[in-house]
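This structure is a prediction, so every number in the text was calculated from the model and none was measured.
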Amino acid sequence: MSLDFPLDRTAAPVPGAERRAILADPGFGRWFTDHMAVAAWDAEHGWHDGGVRPLAPFTLHPGAAVFHYGQEIFEGLKAYRHADGGVWLFRPGDNARRFARSARRLALPELPEAAFVRAVEELVRADAAWVPEPDGGAGGGAATPGPAPSASGSSVSDPSAPDSSASDPSASGSGEQSLYLRPFLIATESFLGVRPSAEALFRVIASPAGPYFPSGVTGVTLWVTETYSRAAIGGTGAAKCGGNYAGSLAAQTEARENGCEQVLYLDSAGRGTIEESGTMNLCLVTRDGELLTPALGTILEGVTRDTVLALAPELGLRPVERTISLAELRAGAEDGTVTEVFAAGTAAVLTPVTGFKGAGHAFTVGDGTPGPTTLALRRTVLDLQYGRTEDRHGWLHRVL
């Protein structure tokens, strides 16, 4: 049975002037739009009660399984307003498939992929006025559909072009406003026995997002933790669930206490192989033109990670997924074999990593500044997302 999401429009939207003030400086995750997409599931009726309704708190029994056993999952994706006023999603089907994989791992009901995408679409349509202009404008009402991005005059960014970041909005930190979308699924049955919940609630909320680097793209230093690990073989590392992120908070605190912005995790088996950078996938650029990234298994299969791997050949890079040791990374940075390192994720797109610190060691990547290939890849991804270049992969999904 298909799941629909009819709109029940709020009678008390955020006033236009207040919304425009928020969109002028939204930050990240601080403000929320007027509506949310909803659906319910139970073992007897399956998926039902879908809709887009006014954003509001909801009540759960104190015995709900999500509170006691952490049975929940979530996703993160963005809606982008293009220059023609149209609003687009980027690879939402990939988020829908990962949501289903995460649900299987956490023993939650799988939401059909079409229903996931429909819920996101209908919420974006309802709250189209909250989708900012890419240059930081206040957005508008329901956008008037315009022509699809044209191939005319489009080209892949050239990392060797002189002064490529001087006039590049993606390097300056401007031109990256979007509407961040957070679908999530929680177990709601009030029962204290340890078994899969027979009831669950699905929600999608939305929050306008400003540029992740408002002052320009700068490099970060990662703390190589020997205290904490993110995931183990057979664990939940490949699922997008809250427990993974709760477990990362102590490691982030350790990183900051050691003067680093984020943490680098090693494998839990003690082999000294690298896994993820905080909540992002790690990638290395080599002098020989390889784009290296740790293989999947205990790490999250990031949509941005996959995007970068697919785009790498267009920038003259050879994508390679394999095991990478910390010793190899350190030796490569010191002898120049590894020329650049970056982390990839939805929020920041690509974050240059310019140095590493750990117990008794520290080393720099390249000259300690964001590298040209990293910036070119970042610009290429953003140009696709905002419709500034041709979408040859069919990743863009029009909503309005």
Next item on the list: Using the ring of F5 (Phe, Tyr or Trp, six-membered ring only), decide whether R125 places NZ or CZ under 6.0 Å from its centre and within 45 degrees of its axis.
Entry: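 Checked: cation-pi criterion not met.
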Indicate whether any N or O donor in one side chain lies under 3.5 Å from an N or O acceptor in the other, for [X] and [Y].
X    : Y    : result
E275 : T298 : yes
T369 : D367 : yes
Q71  : S197 : no

Item checked: Atom CG of L249: over 12 foreign heavy atoms under 6.0 Å -> yes
Notebook entry, point to check: Does any pair with a residue in residues 297-342 pass ring pair (Phe, Tyr, Trp, His ring centres under 6.0 Å), and if so which ones, sequence neighbours excluded?
Noted result: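 For residues 297-342: none.
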Check: For residues 368-400, which residue pairs qualify under ring pair (Phe, Tyr, Trp, His ring centres under 6.0 Å), counting only residues two or more places apart or in two chains?
Finding: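 Pairs touching residues 368-400 that pass the test: Y80-Y386, F90-W395, H393-W395.
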Measuring from atom [atom1] of [X] to atom [atom2] of [Y], what distance do you get when rounded to the nearest 0.5 angstrom?
X    : Y    : atom1 : atom2 : answer
N244 : L300 : CG    : CG    : 8.0 Å
S102 : E72  : OG    : CD    : 9.5 Å
R388 : T380 : CZ    : OG1   : 10.5 Å
Q177 : L23  : CD    : CG    : 9.5 Å
I324 : L282 : CD1   : CG    : 7.5 Å
E199 : T188 : CD    : OG1   : 5.0 Å

Sidechain-backbone polar pair: [X] side chain, [Y] backbone, donor-acceptor under 3.5 Å:
X    : Y    : value
H82  : P134 : no
S207 : W31  : yes
D42  : E44  : yes
E340 : T373 : yes
T221 : C260 : no
R81  : A128 : yes
E290 : R318 : no
D267 : G272 : yes
D127 : H35  : yes
S325 : E328 : yes

Membership question, hydrophobic clusters at under 4.5 Å side-chain separation (ILVMFWY): are [Y] and [X] in the same one?
X    : Y    : value
V117 : L7   : yes
V204 : M36  : no
L317 : V349 : yes
V341 : L311 : no

Ion pair [X]/[Y], N-O distance below 4.0 Å:
X    : Y    : value
R398 : D84  : yes
R9   : D34  : no
R195 : E189 : yes
R98  : E75  : yes
K78  : E176 : no
R97  : E301 : no

Next item on the list: Measure across D391 and L396 and return the closest heavy-atom pair with its distance rounded to 0.1 Å.
Entry: OD2-N, 2.9 Å
Checklist line | Where T293 and C283 come nearest, the two heavy atoms and their spacing | finding: OG1-SG, 3.8 Å
Margin query: Measuring only between side-chain heavy atoms, which start at C-beta, is L181 closer than 4.5 Å to L89?
Written below: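 A side-chain contact under 4.5 Å exists here.
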Checklist line | Residue that, paired with K240, satisfies side chain to side chain contact (heavy atoms under 4.5 Å, CB included) out of F184, F99, F74 | finding: F74
